[in-house]
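Quick note: numbers below take in every heavy atom, side chains included, and nothing from hydrogens, waters or symmetry partners.
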Amino acid sequence: MKFIYYLIIILLWSFNFIQAQEVKTVKEIRTYMSFTWPIDPAKIITTPDMDLSYALAGTLVEWGKNKHHVAGLTDKWEITGEYTYRFTIRKNLKWSDGSPITAQEIKKSLERGIKSHPIDLRGLAVLLSGISCPTPDAIDFNLKVKAERSGLLGKLTEPNYGILKINPDNSINFLKSSGPFWAAQHSKEEIILKRNEQWPDFSPEMAESIIVKQSPKVGLNSQSVLLEDKWPNLVQTSSLISQDLMQKYESNGFQMWKRPTDRIFLFQLSKKLHNQDGLNLFLFFEQKIKRENIVKDFLGYQLAEQIFPQGYQLHVADYKPNHNLKVQLPTQFINRPLEILISPERVSGPLKENIKKAVTIAVGIEPKFISAPLQEIPKHYNTGDYDFYAGTVGLADPDPEGAMSFYFENEFNIIPSIGENFVQRLDQVRKEPDQQKRLQMMRSMLKDGVAGGYVFPLFNMSTVGIARADVDLSQVSLTDESVTLSKIRFHKRGQ
């Protein structure tokens with residue numbers, strides 16, 4: 001009997017020891033993001049805004065791996081009339097709290113977005129004559145153009161059109177989500193997301209929670225943050241990174257994810273320079289600034305004289321900038337420093353120095369920099385207290401119309417309509433029934449925008465995700481524009 005007793009004791013001790021040695025898989029994402037406050041998934045200003053939009057609001061249609069339309073919150077769509085698209089909600093579709101999502105709630109979400117952000121959602125508004133709900137699980141989009149050539153399916157994949165739970169007072173209810181996560185807490189400094197087990201594509205391997213804090217203050221480099229700060233386990237940055245820093249991450253066992261070329265670094269005119277002086281300034285830069293000097297001592301870039309690189313539908317194959325232009329520096333810039341708005345999250349110290357040297361050589365006077373957190377850049381745009389912004393913009397693919405809408409119709413125009421009304425030209429593009437002709441018209445607009453000095457592109461680069469060893473980024477598709485939070489998985493420690 002004593003032998004059996006001691007054997008049981010030994011077995012119990014061994015079991016407890018093994019349990020004590022086993023470390024559970026980490027299930028929490030901790031990251032810094034420069035999100036815009038207040039949060040509104042219908043208004044996308046920064047890449048973090050886009051990431052949060054995809055996290056908090058599902059779209060009616062999604063892009064499949066092969067760049068085709070697949071089911072989102074709706075699993076069926078059909079053209080029921082020459083000017084009508086009908087979408088049928090997925091069976092048993094629910095909000096994160098388990099209550100059903102109805103067609104009327106989807107209608108209310110979209111109408112609220114268009115009313116609250118008419119400029120940002122203009123791309124859909126100009127197509128619509130109205131939205132109706134013939135049954136509790138069907139939504140009709142009644143259009144001003146023929147449904148078959150409206151491009152509506154592609155438009156509804158965009159994060160601005162994610163479906164939100166709208167309160168009676170027209171505010172957003174973040175406790176109820178149609179996306180992969182819901183917001184248990186949100187403030188200007190921190191957002192805490194919890195996974196939505198009612199989401200149609202829910203996986204038990206998803207993160208249980210995501211803690212998002214505003215990007216660290218100036219002084220903590222966003223690219224080296226995981227080496228300097230023990231709190232975050234994930235960071236998104238750009239491929240414009242030094243070889244030394246990349247080697248440090250790789251030698252310390254960090255996980256790496258890199259998109260193909262998906263960003264453009266450019267100079268963007270302030271609203272106060274939406275005039276001929278602004279255009280002439282950028283045309284002058286085309287003559288005087290050597291792009292290679294801007295990226296001196298960096299890796300991970302591709303010099304660019306247009307916005308889209310090869311491989312994108314909106315790349316202009318026959319674009320040849322006119323380097324023989326003889327444009328004088330506008331008089332107002334001759335005796336004063338140019339004021340350049342930057343964000344430390346997008347412009348590192350060495351990059352800032354390169355820009356300063358290049359601009360000084362071009363105009364003869366050292367520029368003045370105005371530095372602001374990324375989420376505050378729109379405020380400066382509204383006040384126009386600078387000459388031009390130096391920063392990055394994402395390249396959207398496979399939805400070229402969505403990209404054009406963002407560049408030309410956004411409240412913070414990447415390419416403004418000065419003299420030539422690009423917005424009216426885009427409306428004409430939408431009326432063209434032939435897809436190839438539509439693309440050619442879009443390319444022509446981009447070509448004219450760059451050649452006319454409306455924007456000054458410098459170089460292309462990629463989005464890079466860096467994570468600690470616990471975080472597995474292998475399931476994040478390279479077709480995604482960023483590290484999609486719902487696709488992050490986790491390693492067990494020691495594996």
Side-chain angles (χ1 to χ4, degrees), residues 41-42 50 53-114 121 123-124 127-128 130-143 146-166 173 176-182 195-206 396 398-399 401-402 475-477 479-481 484-487:
M50 180 186 71
S53 182
Y54 277 130
L56 292 167
T59 53
L60 299 183
V61 185
E62 296 178 0
W63 288 107
K65 291 182 179 180
N66 298 318
K67 297 185 179 181
H68 63 289
H69 301 117
V70 298
L73 300 183
T74 57
D75 62 3
K76 178 183 175 183
W77 47 82
E78 56 187 330
I79 295 175
T80 58
E82 191 175 16
Y83 294 90
T84 303
Y85 246 118
R86 176 167 295 174
F87 292 79
T88 303
I89 299 173
R90 281 198 190 209
K91 190 176 182 181
N92 297 321
L93 187 67
K94 296 177 181 178
W95 298 106
S96 52
D97 69 340
S99 58
I101 298 178
T102 67
Q104 285 290 342
E105 288 176 311
I106 292 174
K107 175 178 182 289
K108 185 175 182 180
S109 174
L110 292 170
E111 290 178 340
R112 172 257 165 204
I114 292 172
L121 275 63
L124 177 61
L127 297 175
L128 279 178
I131 303 175
S132 57
C133 302
T135 68
D137 62 353
I139 307 104
D140 280 358
F141 287 78
N142 305 302
L143 307 172
K146 291 183 179 180
E148 64 182 356
R149 62 176 177 82
S150 64
L152 182 65
L153 295 181
K155 177 61 61 181
L156 294 177
T157 65
E158 296 171 26
N160 306 68
Y161 305 106
I163 303 306
L164 303 163
K165 176 66 176 178
I166 306 302
N173 184 343
K176 295 185 179 183
S177 169
S178 65
F181 299 93
W182 57 279
R195 67 184 185 183
N196 173 14
E197 298 188 10
Q198 305 295 337
W199 185 49
D201 296 322
F202 171 77
S203 166
E205 296 180 337
M206 286 168 48
D399 180 23
E401 199 280 331
Q475 299 301 308
V476 182
S477 171
T479 60
D480 295 328
E481 293 181 57
T484 310
L485 298 172
S486 61
K487 295 182 181 178

Engineer: Which value, rounded to the nearest 0.5 Å, describes the distance between Asp137 atom CG and Leu93 atom CG?
Structural biologist: 10.5 Å
Engineer: How many angstroms lie between CG in Leu143 and CZ in Arg149, if you round to the nearest 0.5 Å?
Structural biologist: 10.5 Å
Engineer: Write down the atom of Ser132, the atom of Pro134, and the distance for their closest heavy-atom approach.
Structural biologist: O-CD, 3.6 Å
Engineer: Can you confirm if the aromatic rings of His69 and Trp63 lie within a centre distance of less than 6.0 Å?
Structural biologist: yes
Engineer: Out of curiosity, Ile114 CD1 to Leu124 CG, how far, rounded to the nearest 0.5 Å?
Structural biologist: 4.5 Å
Engineer: Indicate the atoms forming the closest heavy-atom contact of Ala42 with Gly113, along with that distance.
Structural biologist: CB-CA, 4.4 Å
Engineer: Distance-only, no hydrogens or angles: does the Thr102 side chain make a donor-acceptor pair with backbone N or O of Glu105 under 3.5 Å?
Structural biologist: yes
Engineer: Flag the pair Thr59 / Val61 as yes when at least one side-chain heavy-atom distance between them is below 4.5 Å, and no otherwise.
Structural biologist: no
Engineer: For a side-chain contact (heavy atoms from CB on, under 4.5 Å) check, start with the C-alpha distance between Leu110 and Phe141, then their side-chain angles and the critical distance, and finish with the verdict.
Structural biologist: CA-CA 11 Å; Leu110 292 170; Phe141 287 78; 3.6 Å; yes
Engineer: So which heavy atom on Asn196 is nearest to which on Ser178, and how close?
Structural biologist: ND2-C, 4.3 Å
Engineer: In Å and rounded to the nearest 0.5 Å, what is the OG to CH2 distance from Ser177 to Trp199?
Structural biologist: 10.0 Å
Engineer: Check the pair Leu153, Phe87 against side-chain contact (heavy atoms from CB on, under 4.5 Å), reporting the backbone distance first and the verdict last.
Structural biologist: CA-CA 10 Å; Leu153 295 181; Phe87 292 79; 3.7 Å; yes
Engineer: Please test Glu158 against Asp399 for side-chain contact (heavy atoms from CB on, under 4.5 Å), starting from the C-alpha separation and ending with a verdict.
Structural biologist: CA-CA 9 Å; Glu158 296 171 26; Asp399 180 23; 2.7 Å; yes
Engineer: Lys176 and Asp97: which non-hydrogen atoms are nearest, and at how many Å?
Structural biologist: CE-OD2, 2.7 Å
Engineer: So does Ala138 get a backbone contact from the side chain of Thr88, meaning a donor-acceptor N/O pair under 3.5 Å?
Structural biologist: no
Engineer: Using side-chain contact (heavy atoms from CB on, under 4.5 Å) as the criterion, point out the one residue from Thr74, Leu60, Ile163, Leu73 that pairs with Leu156.
Structural biologist: Leu60
Engineer: Given 3.5 Å as the limit, does a donor-acceptor pair link the side chain of Ser150 with the main chain of Ala147, or not?
Structural biologist: yes
Engineer: Out of curiosity, Gln104 CD to Ile131 CD1, how far, rounded to the nearest 0.5 Å?
Structural biologist: 10.5 Å
Engineer: Under 3.5 Å, side chain of Asp140 to main-chain N/O of Cys133, donor-acceptor pair present?
Structural biologist: no
Engineer: Determine whether a donor-acceptor pair (N or O, by modelled atom type, separation under 3.5 Å) exists between the side chain of Arg195 and the backbone of Pro204.
Structural biologist: yes
Engineer: So, do Met206 and Pro180 sit near enough that their side-chain heavy atoms are less than 4.5 Å apart?
Structural biologist: yes
Engineer: Measuring from atom NZ of Lys155 to atom CG of Leu128, what distance do you get when rounded to the nearest 0.5 angstrom?
Structural biologist: 11.0 Å
Engineer: Is there a donor-acceptor contact under 3.5 Å linking the side chains of Ser486 and Thr484?
Structural biologist: no
Engineer: Of all the heavy-atom pairs spanning Ala71 and Arg90, show the shortest one and how long it is.
Structural biologist: O-NH2, 3.5 Å
Engineer: Test side-chain contact (heavy atoms from CB on, under 4.5 Å) on Tyr83 and Lys146; report intermediate values, then the result.
Structural biologist: CA-CA 5 Å; Tyr83 294 90; Lys146 291 183 179 180; 4.0 Å; yes
Engineer: Of all heavy-atom pairs between Lys487 and Gln475, which one has the smallest distance, and what is that distance?
Structural biologist: O-CB, 3.5 Å
